[in-house]
Structures are given as C-alpha cells and as structure tokens.
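Here's the structure, in structure tokens; my notes come after.
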Amino acid sequence: MTAPSTPVVAAPSGAATRRASSFLATRPRVRLGLLLAAPLTWLVLVYVVALAALLVTALWSVDSFTGEIDRSLTLDNLREITTESLYRTVTLRTLGVALLVTVIDVVVALPIAFYMAKVASPRARRLLVVAVLTPLWASYLVKAFAWRSMLSEGGLVDWVLNPFGASTPGYGLTAVVLTQAYIWLPYVILPIYAGMERVPDSLLEAAGDLGASSGRTVRTVVMPLVLPAVLAGSIFSFSLTLGDYISVNIVGGANQMLGNLVYTNVGAANNLPLAAAIALVPIVIMLGYLAAVRRTGALDNL
C-alpha cells in the first residue's frame with residue numbers, strides 16, 4: 001500500500017519579517033532613511049513645494065483690464081518691490097520693529113531665565129515655568145486687544161503715566177513693539193531657560209572661588225555658554241514679528257508692515273502675484289539670519 005504524500009507547507013509569514021529584520025539590523029542608514037521618510041516627505045510637500053509655488057506665483061502678473069492672473073513668467077513684481085520706495089520703506093520699518101522687539105525680549109528674558117534656572121528653588125521654578133507658559137494659553141487676539149485697551153486714551157497706561165506728566169503713546173509703532181514684545185516673550189524665555197539649565201553650577205562656583213564678581217561671571221562664563229540659546233530665542237521673536245500683521249492692524253494705527261501689504265494685496269487689491277513677491281522678502285531675510293547664526297549652534301537649541 002502506497003504511503004500518502006506529505007502536503008507542502010508554506011513558509012511561515014514570520015520568515016519574511018525575520019529576513020527584513022536581519023537586513024535592517026546591519027544597515028543603520030537604511031533604518032534611518034525609512035524612519036525619516038514620512039516626515040521628510042511631509043516637510044517637502046508642505047514647505048518646499050509651498051515655497052516653490054510662492055516663487056512661481058511671484059513671477060505671474062495680473063491683467064489690468066480683466067483682473068485675471070496672467071501665468072506668463074515675468075520679473076515685473078520682483079522689480080517693483082526692489083525699486084519702489086514704498087516697499088523699501090515698509091521693509092526697513094518691519095526689519096527695525098523686528099530687531100527692536102527681539103532686543104527687548106532678550107533683555108527681559110535673560111534675568112528671568114537666569115533666576116529660574118540658577119536661583120529659584122525647585123518649587124518656585126515649577127511655578128515660574130507655569131507663569132511663563134500661561135500667556136500661551138490665551139488667544140492671540142485677546143492679548144492684542146488687551147494691549148489696545150491699555151494703550152487707548154484713558155486706558156491703564158494713561159492712568160499710570162498721568163501723575164508723572166506723561167500720557168499713553170497711543171496707537172503706532174511704539175504700541176506695535178510693546179504688543180509684539182509681550183506676545184513673543186515666552187518663546188524667548190523658554191530656550192534661554194533651557195540653555196541656562198545646561199550651564200554647570202560648578203563653573204559658577206569656580207568663578208566665585210577665583211574672585212570673579214557676579215557681573216564678570218555672567219559676562220565671561222554664563223553668556224558665552226548660553227549665546228546659542230539666546231540666538232535660538234531671537235529666531236522665534238524675529239521671525240514671528242517679520243510675518244505678523246494682525247497686531248499691526250489692531251494697535252499700529254496707520255503704519256504698515258510687510259504682513260499688511262501681503263494681506264492687502266491678497267484681499268482688497270486682488271493681486272496675488274504681487275502679494276507672493278512681497279512675501280518673499282521676509283523669507284529671504286530669515287534665510288539670511290538663519291545662515292548667519294547656524295555656525296553658533298543656535299539651531300540645535302530650537
């Protein structure tokens with residue numbers, strides 16, 4: 001009697017998994033590539049493709065008779081924003097406000113971050129971190145309109161300054177600087193605080209043992225070590241101010257910044273190509289700023 005034939009059993013599905021695991025175990029670069037594939041694809045689609053589309057849109061034009069977009073490539077928009085005095089004035093104004101807001105935030109953030117990291121007790125440190133984060137939970141518009149209310153005639157600032165013979169600055173560039181410096185301050189404090197925490201306490205104690213004063217210790221020991229963190233915080237305040245237009249509309253009075261020109265050309269003027277060309281200006285400025293601070297290690301502290 002013939003013995004029955006043995007059925008052929010398919011290889012278990014786990015064999016393919018084991019082969020893939022063995023392959024990846026000896027190739028760390030392949031593992032890293034697979035791990036970063038999804039986020040890098042999203043980054044390319046959202047940012048790189050969007051910037052490329054912005055550049056292409058800036059090379060289009062609007063037909064003055066029909067108002068329709070003409071997709072033939074031209075440099076007229078780029079030529080206009082680089083030669084017209086209006087755009088140069090607004091660019092310099094925006095750059096000046098961004099620099100001033102950044103300087104104010106860094107000056108205010110440094111002592112707060114130093115106290116949080118090196119002086120406050122652990123319990124007080126936790127409370128201070130919560131206090132710094134709390135404004136981020138409030139709406140941007142609520143904070144901007146709060147400053148509008150305080151800076152208005154008869155507002156809180158007017159009430160405080162009147163006994164000293166002064167009055168509120170009202171709406172204008174001063175109000176824009178104050179409002180944006182307040183709104184972006186937490187974004188500057190947190191990176192500097194993180195940088196301060198990484199400064200070893202033993203260095204401060206050694207400086208004190210060698211006779212260095214507190215001021216000299218801060219200048220020669222602390223500041224060189226936290227400079228990358230300071231620059232990281234400045235990236236936030238500088239870039240956010242460059243692109244902001246809401247607070248300028250709320251407290252800026254008749255002043256315009258680059259964000260307002262983009263908003264106006266997208267909306268009322270219905271000139272999307274010119275708006276795209278104007279939007280390239282803060283992007284170019286930020287790329288230059290990032291290139292300047294890259295070697296300091298600031299980007300590693302973001």
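Heavy-atom basis, side chains included; hydrogens, waters and symmetry copies ignored. Given the structure is predicted, the values throughout are model-derived calculations rather than measurements.
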Where [X] and [Y] come nearest, the two heavy atoms and their spacing:
X      : Y      : answer
Lys118 : Glu197 : NZ-O, 3.9 Å
Tyr87  : Ile81  : CB-O, 3.4 Å
Leu95  : Phe238 : CD1-CZ, 3.5 Å
Val188 : Gly233 : CG2-O, 3.5 Å
Thr41  : Ala37  : OG1-O, 2.6 Å
Pro228 : Pro224 : CD-O, 4.1 Å

So, [X] side chain and [Y] main chain: donor-acceptor pair closer than 3.5 Å or not?
X      : Y      : value
Asn77  : Trp60  : yes
Thr57  : Ala276 : no
Asp70  : Ser61  : no
Asn249 : Ile246 : no

Do [X] and [Y] make a side-chain contact, defined as non-hydrogen atoms from C-beta onward lying under 4.5 Å apart?
X      : Y      : answer
Val129 : Tyr193 : yes
Lys143 : Thr179 : no
Met286 : Ile235 : yes
Leu161 : Thr168 : no
Val251 : Leu178 : no
Val97  : Thr241 : yes

Can you measure from [atom1] ([X]) to [atom2] ([Y]) and round to the nearest 0.5 angstrom?
X      : Y      : atom1 : atom2 : result
Thr83  : Arg88  : OG1   : CZ    : 7.0 Å
Leu240 : Trp184 : CG    : CH2   : 4.5 Å
Leu54  : Leu59  : CG    : CG    : 10.0 Å
Ile192 : Ile112 : CD1   : CD1   : 9.5 Å
Asn265 : Ile278 : CG    : CD1   : 4.5 Å
Met223 : Thr217 : CE    : OG1   : 13.5 Å

Are [Y] and [X] connected into the same hydrophobic cluster when the rule is that any two of I, L, V, M, F, W, Y join if their side-chain heavy atoms are below 4.5 Å apart?
X      : Y      : value
Tyr245 : Val101 : yes
Tyr187 : Phe114 : yes
Leu55  : Val262 : yes
Val281 : Val284 : no

- Message: Assess the residue pair Leu110 and Val230 against the criterion (side chain to side chain contact (heavy atoms under 4.5 Å, CB included)); give the C-alpha distance rounded to whole Å, side-chain angles, the decisive distance to 0.1 Å, and a yes or no.
- Response: CA-CA 8 Å; Leu110 276 171; Val230 172; 3.9 Å; yes
- Message: Asp76: which residues meet the salt bridge (charged side-chain N to carboxylate O under 4.0 Å, His left out) condition with it, sequence neighbours left out?
- Response: Arg79
- Message: Going by the rule salt bridge (charged side-chain N to carboxylate O under 4.0 Å, His left out), which residues pair with Arg93 if we only count those two or more places apart in sequence or in a different chain?
- Response: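 Applying salt bridge (charged side-chain N to carboxylate O under 4.0 Å, His left out) to Arg93 gives none.
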Name every donor-acceptor pair, under 3.5 Å, that has one atom in a side chain of residues 131-140 and the other anywhere in the protein, sequence neighbours excluded.
from: Thr134; atom 1: OG1; to: Val130; atom 2: O; distance (Å): 2.6
from: Ser139; atom 1: OG; to: Leu141; atom 2: N; distance (Å): 3.2
from: Tyr140; atom 1: OH; to: Asp244; atom 2: OD1; distance (Å): 2.3
from: Tyr140; atom 1: OH; to: Asp244; atom 2: OD2; distance (Å): 3.0
from: Tyr140; atom 1: OH; to: Ser247; atom 2: N; distance (Å): 3.4
from: Tyr140; atom 1: OH; to: Ser247; atom 2: OG; distance (Å): 3.4

Determine all donor-acceptor pairs shorter than 3.5 Å in which one atom belongs to a side chain in residues 144-156; sequence neighbours excluded.
from: Arg148; atom 1: NH1; to: Ile250; atom 2: O; distance (Å): 2.5
from: Ser152; atom 1: OG; to: Ser149; atom 2: O; distance (Å): 2.7

- Query: Restricting to pairs with a member in residues 218-227, which pass side-chain hydrogen bond (donor to acceptor under 3.5 Å, both in side chains), not counting sequence neighbours?
  - Reply: none
- With sequence neighbours left out, write down each residue that passes side chain to side chain contact (heavy atoms under 4.5 Å, CB included) with Ile104, or none if nothing qualifies. Leu100, Val108, Val177, Ala181
- Test item: side-chain donor near acceptor, Ser234 and Tyr289, under 3.5 Å: yes
- Item | Whether over 12 other heavy atoms sit under 6.0 Å from Tyr263 OH | no
